[in-house]
Asker: 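Take a look at the following structure, please.
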Amino acid sequence: MPELAEVFYYAKQWDAGKDKRITALDIRSKTRVFRACDTTALTEGLPGAQLRSTRTHGKQMLFEFSKGQWLTIHLGMTGELAAKPQPYEPAKHDHLVLHTRTHALVFTDPRQFGSVLYHQGKTPPPAWLTLPPQPMDEGFTVPRLREILQRHARTPLKALLLDQRWFPGIGNWMADEILWQMKLPPHILGGALDEKAVRALHRTIKKVCRVALETVGVDWDDPPLNWLFRYRWEDGHCCPRCEAELVRESVRGRTACWCPVCQRPR
DNA sequence: CATCATGTTATAAT
DNA sequence: CATTATAACATGAT
């Protein structure tokens, strides 16, 4: 389930092991999550180190260790991080477990769409030096959003919102939520928004990110009751605004959930 | 058994 | 070359 706020929440779980020596490590190095990782270097490099800092950007997480070791983790579709009390025995889908005296820092991911990268050096991995502004950052401005929409004027807004180059962290439920709050259908084209709508979209994106981080991101609380969020998967799911039946429809290969009555063009 | 899943990417087609 | 569609990845839930 991990999008912006979920990723933020999971990254925090490993704070339980902050500044504690890694005494041992369990790794299932043959699984797909390590497809782009030097697992030998990781296995040799991490024991003895201490977790120093944690940061997230969009759906990516970066963990810095005491001697210039860096772990980049993406949770894919089903990944989770947790800190478990010792003694801990790795479970079925645990791919990486960092043991400290008191806690086991666990990365688990049944579907293995997630990934782990290992980097050594004084500075963060190169990919972390040139990052686009996240939707809740200062650099995510109205002019920037306007330009994105203009440059991709023929792309359905739903697909555009899922593009991590422009909206890092926004995933399927947040994109549907933003469109629902905007009362716009998912297939409306980026270029179809007038100036007023662009500013409203900017506000809505910021708000959905902020509130998600304040709820899900803090303690896995649900977002507000009057959001689309919790009605989108329920049986006989109805729009919490107008009670019409929600529809599910594939837009550019992803399922969009939306209300055909209150989400209309313009 | 068939379908679907809060994600990304390689490859093919346009 | 840029955009778009499709398949693939591996597993579990319904």
Side-chain angles (χ1 to χ4, degrees), chain A residues 1-11 28-37 56-61 72-81 90-96 106-117 127 131-132 134-135 147-181 186-191 205 208-209 211-213 215-217 220-224 227-237 246-258:
Chain A
M1 45 180 82
E3 300 179 20
L4 185 79
E6 290 93 346
V7 169
F8 188 81
Y9 174 85
Y10 280 130
R28 295 176 63 212
S29 53
K30 296 293 186 288
T31 58
R32 187 179 143 83
V33 300
F34 294 107
R35 58 197 175 278
C37 183
T56 68
H57 184 277
K59 298 174 186 171
Q60 305 275 351
M61 306 183 284
T72 303
I73 298 184
H74 190 292
L75 296 172
M77 198 89 99
T78 52
E80 295 177 12
L81 296 192
K92 188 172 179 189
H93 297 295
D94 293 353
H95 300 102
L96 183 65
V106 182
F107 167 50
T108 192
D109 181 10
R111 245 174 119 181
Q112 299 178 220
F113 291 175
S115 72
V116 178
L117 298 176
L131 295 169
Q134 302 177 97
E147 195 188 322
I148 292 167
L149 294 170
Q150 280 167 2
R151 289 233 315 261
H152 304 274
R154 304 297 317 257
T155 304
L157 191 48
K158 172 67 191 280
L160 204 45
L161 287 168
L162 289 178
D163 194 322
Q164 299 301 293
R165 292 172 298 178
W166 318 123
F167 305 98
I170 292 183
N172 212 22
W173 82 253
M174 292 182 84
D176 283 347
E177 187 69 48
I178 290 163
L179 289 163
W180 180 80
Q181 294 198 15
H187 41 70
I188 194 171
L189 300 183
I205 290 171
V208 168
C209 289
V211 176
L213 286 167
T215 55
V216 180
W220 208 260
D221 245 7
D222 282 336
W227 279 23
L228 177 67
F229 180 83
R230 60 178 64 195
Y231 303 92
R232 49 177 292 131
W233 300 118
E234 284 175 5
D235 288 334
H237 51 303
L246 299 170
V247 300
R248 340 192 82 243
E249 182 176 55
S250 186
V251 177
R252 286 278 222 277
R254 299 296 302 280
T255 301
C257 174
W258 60 292

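Convention: sequence-line order gives letters A, B, ...; per-chain numbering from 1.
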Asker: Could you check how far OH of A:Tyr10 sits from P of B:dT6, rounded to whole Å?
Answerer: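 My rounded result for the distance is 15 Å.
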Asker: To the nearest 0.5 Å, how far apart are OG1 in A:Thr155 and CD1 in A:Ile148?
Answerer: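 Answer for the OG1-CD1 pair, A:Thr155 versus A:Ile148, is 11.5 Å.
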Asker: Mind telling me whether A:Tyr9 and A:Trp220 have parallel, tilted or perpendicular rings, with 30° and 60° as the class edges?
Answerer: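 Tilted.
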Asker: Tell me which of A:Arg248 and A:Leu162 sits closer to the 5' end of DNA chain B, going by the nucleotide each one is nearest to.
Answerer: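 This one resolves to A:Arg248.
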Asker: Sticking with atom C1', work out how far B:dT9 lies from C:dG12, rounded to a whole angstrom.
Answerer: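 Taking atom C1' in both B:dT9 and C:dG12, they lie 23 Å apart.
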Asker: Output the rounded distance in Å from CD (A:Gln164) to C1' (B:dG7).
Answerer: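 After rounding, the reported distance stands at 8 Å.
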Asker: Restricting to side-chain contact (heavy atoms from CB on, under 4.5 Å), what partner residues turn up for A:Gln181, sequence neighbours left out?
Answerer: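 Checked A:Gln181 against side-chain contact (heavy atoms from CB on, under 4.5 Å); matches are A:Glu177, A:Thr204, A:Lys207, A:Val208, A:Trp227.
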Asker: Taking atom OH of A:Tyr231 and atom NE2 of A:His237, what is their separation to the nearest 0.5 Å?
Answerer: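 Reported value, rounded in 0.5 Å steps: 13.5 Å.
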Asker: Whether A:Arg35 contacts B:dT9 is assessed here as follows: a side-chain N or O lying under 4.0 Å from the phosphate OP1 or OP2. Is that the case?
Answerer: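 Checking B:dT9 against A:Arg35, no side-chain N or O comes under 4.0 Å of OP1 or OP2.
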Asker: Just jot down the salt bridge (Lys or Arg N to Asp or Glu O under 4.0 Å) partners of A:Arg248, sequence neighbours excluded, or say none.
Answerer: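 Once residues adjacent in sequence are excluded, A:Arg248 has no partner under the salt bridge (Lys or Arg N to Asp or Glu O under 4.0 Å) criterion.
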Asker: Determine the contact category for A:Thr255: base if any of its heavy atoms lies under 4.0 Å from a base atom, sugar-phosphate if only primed atoms, P, OP1 or OP2 are that close, otherwise nothing.
Answerer: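 It contacts sugar-phosphate atoms only.
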Asker: Of all residues at least two apart in sequence or in a different chain, which pass the salt bridge (Lys or Arg N to Asp or Glu O under 4.0 Å) check with A:Lys59?
Answerer: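 Result, salt bridge (Lys or Arg N to Asp or Glu O under 4.0 Å) vs A:Lys59: none returned.
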Asker: In whole angstrom, give the distance that lies between atom CE of A:Met77 and atom P of B:dT9.
Answerer: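 It is 13 Å, rounded to the nearest whole Å.
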Asker: May I have the distance from A:Leu213 (atom CG) to B:dT6 (atom P), rounded to whole angstrom?
Answerer: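 One finds 20 Å between P of B:dT6 and CG of A:Leu213, rounded.
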Asker: Whenever both distances are under 3.5 Å in a Watson-Crick or G-U wobble pair, mark it; put DNA chain C into dot-bracket that way, with [ ] for crossing pairs and | when the partner is on another strand.
Answerer: .||||||||.||||
Asker: Can you measure A:Asp176 atom CG to B:dG7 atom P for me and round it to whole angstrom units?
Answerer: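 It works out to 10 Å between those atoms.
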Asker: Considering only distance and modelled atom types, tabulate donor-acceptor pairs under 3.5 Å from the side chains of residues 163-170 of chain A, sequence neighbours left out.
Answerer:
from: A:Asp163; atom 1: OD1; to: A:Arg165; atom 2: N; distance (Å): 3.0
from: A:Asp163; atom 1: OD1; to: A:Arg165; atom 2: NE; distance (Å): 3.1
from: A:Asp163; atom 1: OD2; to: A:Arg165; atom 2: NE; distance (Å): 3.4
from: A:Asp163; atom 1: OD2; to: A:Arg165; atom 2: NH2; distance (Å): 2.7
from: A:Gln164; atom 1: OE1; to: A:Gly169; atom 2: N; distance (Å): 2.9
from: A:Gln164; atom 1: NE2; to: A:Leu162; atom 2: O; distance (Å): 3.1
from: A:Gln164; atom 1: NE2; to: A:Ile170; atom 2: O; distance (Å): 2.8

Asker: Round to the nearest Å and state the distance from A:Lys59 atom NZ to B:dG7 atom P.
Answerer: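 Atom NZ in A:Lys59 sits about 4 Å away from atom P in B:dG7.
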Asker: Rounded to whole angstrom, note down the P distance from B:dT11 over to C:dA10.
Answerer: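 Between the two P atoms, the distance is 16 Å.
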Asker: For A:Arg252, what residues pass the salt bridge (Lys or Arg N to Asp or Glu O under 4.0 Å) criterion, not counting sequence neighbours?
Answerer: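 Checked A:Arg252 against salt bridge (Lys or Arg N to Asp or Glu O under 4.0 Å); zero matches.
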Asker: Only counting residues at least two apart or in another chain, list the ones meeting ring pair (Phe, Tyr, Trp, His ring centres under 6.0 Å) with A:Phe229.
Answerer: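 A:Trp173.
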Asker: Who pairs with A:Asp109 by side-chain hydrogen bond (donor to acceptor under 3.5 Å, both in side chains), at least two apart in sequence or on another chain?
Answerer: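 Testing A:Asp109 for side-chain hydrogen bond (donor to acceptor under 3.5 Å, both in side chains), a comparison that skips the adjacent residues, returns A:Thr78.
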Asker: With heavy atoms under 4.0 Å as the rule, sort A:Arg165 into base, sugar-phosphate or nothing.
Answerer: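 It contacts nothing in the nucleic acid.
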Asker: Partners of A:Trp180 by side-chain hydrogen bond (donor to acceptor under 3.5 Å, both in side chains), sequence neighbours excluded?
Answerer: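 Not a single residue meets the side-chain hydrogen bond (donor to acceptor under 3.5 Å, both in side chains) criterion with A:Trp180.
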Asker: Using salt bridge (Lys or Arg N to Asp or Glu O under 4.0 Å) as the criterion, list what pairs up with A:Glu249, not counting sequence neighbours.
Answerer: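 Counting only residues at least two positions away or on another chain, A:Glu249 forms no salt bridge (Lys or Arg N to Asp or Glu O under 4.0 Å).
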Asker: Quick one, give me the B/S/- string for nucleotides 4-14 of chain C, reading 5' to 3', where B means a protein heavy atom under 4.0 Å from the base and S means that only happens at the primed atoms, P, OP1 or OP2.
Answerer: SS---BBBS--
Asker: Nearest-Å distance, CG (A:Asp109) to C1' (B:dT8)?
Answerer: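 In whole Å, B:dT8 C1' lies 12 Å from A:Asp109 CG.
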Asker: Give each protein N/O atom lying under 3.5 Å from an N/O atom of nucleotides 11-14 of chain B, with the pair distance.
Answerer:
none

Asker: Given atom CZ of A:Arg254 and atom P of B:dT6, what is their separation to the nearest angstrom?
Answerer: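 Distance check: A:Arg254 CZ to B:dT6 P gives 5 Å.
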